[in-house]
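Treat the numbers as computed from the prediction; the structure is a model and nothing was measured.
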Amino acid sequence: MIIAQIISDYSQVITLDDLTRKIKESPAIGECGAIFTFEGIVRGKDEARTTDELVLTTPDTSKTEKELEDILRQVQEKHGVKDIAVVHYLGQFQPGDPLFLVAVSGGHRHETRAALEEIIERVKYELDFKKEEKGSAGSKIIMSGG
């Protein structure tokens, strides 16, 4: 099973618990010995700079969601993990708000953790996101890979 969703402005709220529950309901759970999860949140302070608000966008949500699904299928095949569920939110966020949720199940911890790490890195560097951070140093725009 692969779940890949891009959600705008919390129009649908899905939590890490929801993703984990979905994975545990999968028929493949009996073959699993590990579930790894990740919740990426808005950082409010980085070195001497604070962030009061972050705006995350993508020019084509359906294209980005399809590319996300392609990444997840490649990772699933490469690492042999059973199920992957990912939600990436778009919109305006405050420090501490969740932006990126990932849950991965697999037979053993090594391949499951490796799959999770690859998903995190590939989503950050390969998908077409634009982040605008607004805070103490003004506004800063970070394109994909930042």
Atom CZ of Arg43 with >12 non-hydrogen neighbours under 6.0 angstrom: no
What distance do Glu67 atom CD and Asp128 atom CG have between them, rounded to the nearest 0.5 Å? 7.5 Å
Look up atom NZ in Lys66 and atom CG in Leu127, then write down how far apart they are to the nearest 0.5 Å. 12.0 Å
Please name the pair of heavy atoms, one in Val81 and one in Ala115, separated by the smallest distance, quoted to 0.1 Å. CG1-CB, 3.7 Å
Are the aromatic ring centres of Phe100 and Tyr89 under 6.0 angstrom apart? no
Inter-residue atom distance Cys32.SG - Lys24.NZ, 0.5 Å rounding: 11.0 Å
Is the backbone N or O of Ser62 less than 3.5 Å from a side-chain atom of Asp60, with the two atoms forming a donor-acceptor pair by type? yes
Between Leu19 and Ala103, what is the shortest heavy-atom contact and its length? CB-CB, 4.0 Å
Tell me, with the steps shown, if Asp17 and Arg21 meet salt bridge (charged side-chain N to carboxylate O under 4.0 Å, His left out). CA-CA 6 Å; Asp17 287 342; Arg21 185 172 30 262; over 6 Å; no
At their closest point, which heavy atom of Val55 faces which heavy atom of Gln92, and how far apart are they? CG2-CG, 3.8 Å
Separation between CZ of Arg109 and CZ of Phe36, rounded to the nearest 0.5 Å: 8.0 Å
Can you establish whether the number of heavy atoms outside Glu77 located under 6.0 Å from its atom CD is more than 12? no
Is there a path of hydrophobic side-chain contacts, each under 4.5 Å between heavy atoms, that joins Leu116 and Ile2? yes
Please evaluate residues Ile3 and Ile84 with respect to the criterion side chain to side chain contact (heavy atoms under 4.5 Å, CB included), reporting the C-alpha separation (whole Å), side-chain torsions for both, the decisive distance (0.1 Å), and the verdict. CA-CA 6 Å; Ile3 296 171; Ile84 303 172; over 6 Å; no
Determine, step by step, whether Glu126 and Glu121 satisfy the side chain to side chain contact (heavy atoms under 4.5 Å, CB included) criterion, reporting the C-alpha distance in whole Å, the side-chain angles of both residues, the deciding distance to 0.1 Å, and the verdict. CA-CA 8 Å; Glu126 294 178 26; Glu121 294 307 313; over 6 Å; no
With side chains defined as the heavy atoms from C-beta onward, is the minimum distance between Gln5 and His88 less than 4.5 Å? no
Joint hydrophobic cluster, Leu68 plus Ile7, side-chain heavy atoms closer than 4.5 Å: yes
So, does Ser26 use its side chain to make a donor-acceptor pair with the main chain of Ala28 at under 3.5 Å? yes
Between Leu90 and the options Thr64, Leu99, Thr57, Thr61, the side chain to side chain contact (heavy atoms under 4.5 Å, CB included) test singles out Thr61
Within the structure provided, determine whether Glu133 and Glu53 are in side-chain contact (heavy-atom separation under 4.5 Å). no
Say whether Glu118 and His79, considering side chains only, have a donor N or O and an acceptor N or O under 3.5 Å apart. yes
Among the clusters formed by ILVMFWY side chains lying less than 4.5 Å apart, do Leu72 and Val123 turn up in the same one? yes
On a heavy-atom basis, the closest approach of Asp9 and Gly91 is OD1-CA, 3.1 Å
Are Gln74 and Lys78 close enough that some pair of their side-chain heavy atoms sits under 4.5 Å apart? no
Rounded to the nearest 0.5 Å, how far apart are NZ of Lys131 and CZ of Phe129? 10.5 Å
Nearest-0.5 Å distance, NZ of residue Lys134 to CG of residue Leu54: 9.5 Å
Main-chain N/O of Ala4 paired to Glu69 side chain as donor or acceptor, under 3.5 Å: no
What's the shortest heavy-atom distance between Gly106 and Thr112, and which atoms? CA-OG1, 3.2 Å
So which atom in Asp83 and which in Met1 form the shortest heavy-atom distance, rounded to 0.1 Å? OD1-N, 2.7 Å
Is a donor from one side chain sitting under 3.5 angstrom from an acceptor on the other, for Asp18 and Thr15? yes
Please determine whether residues Ile41 and Leu56 belong to a single hydrophobic cluster, defined as Ile, Leu, Val, Met, Phe, Trp and Tyr linked transitively by side-chain heavy-atom distances below 4.5 Å. no
Tell me yes or no: between the side chains of Ser139 and Glu132, is some donor less than 3.5 Å from an acceptor? yes
Apply side chain to side chain contact (heavy atoms under 4.5 Å, CB included) to residues Glu31 and Lys82 and explain how you reach the verdict. CA-CA 8 Å; Glu31 302 170 42; Lys82 298 298 179 185; 2.8 Å; yes
Between Val87 and Ile35, is there shared hydrophobic-cluster membership here, with clusters defined by ILVMFWY side-chain heavy atoms closer than 4.5 Å? no
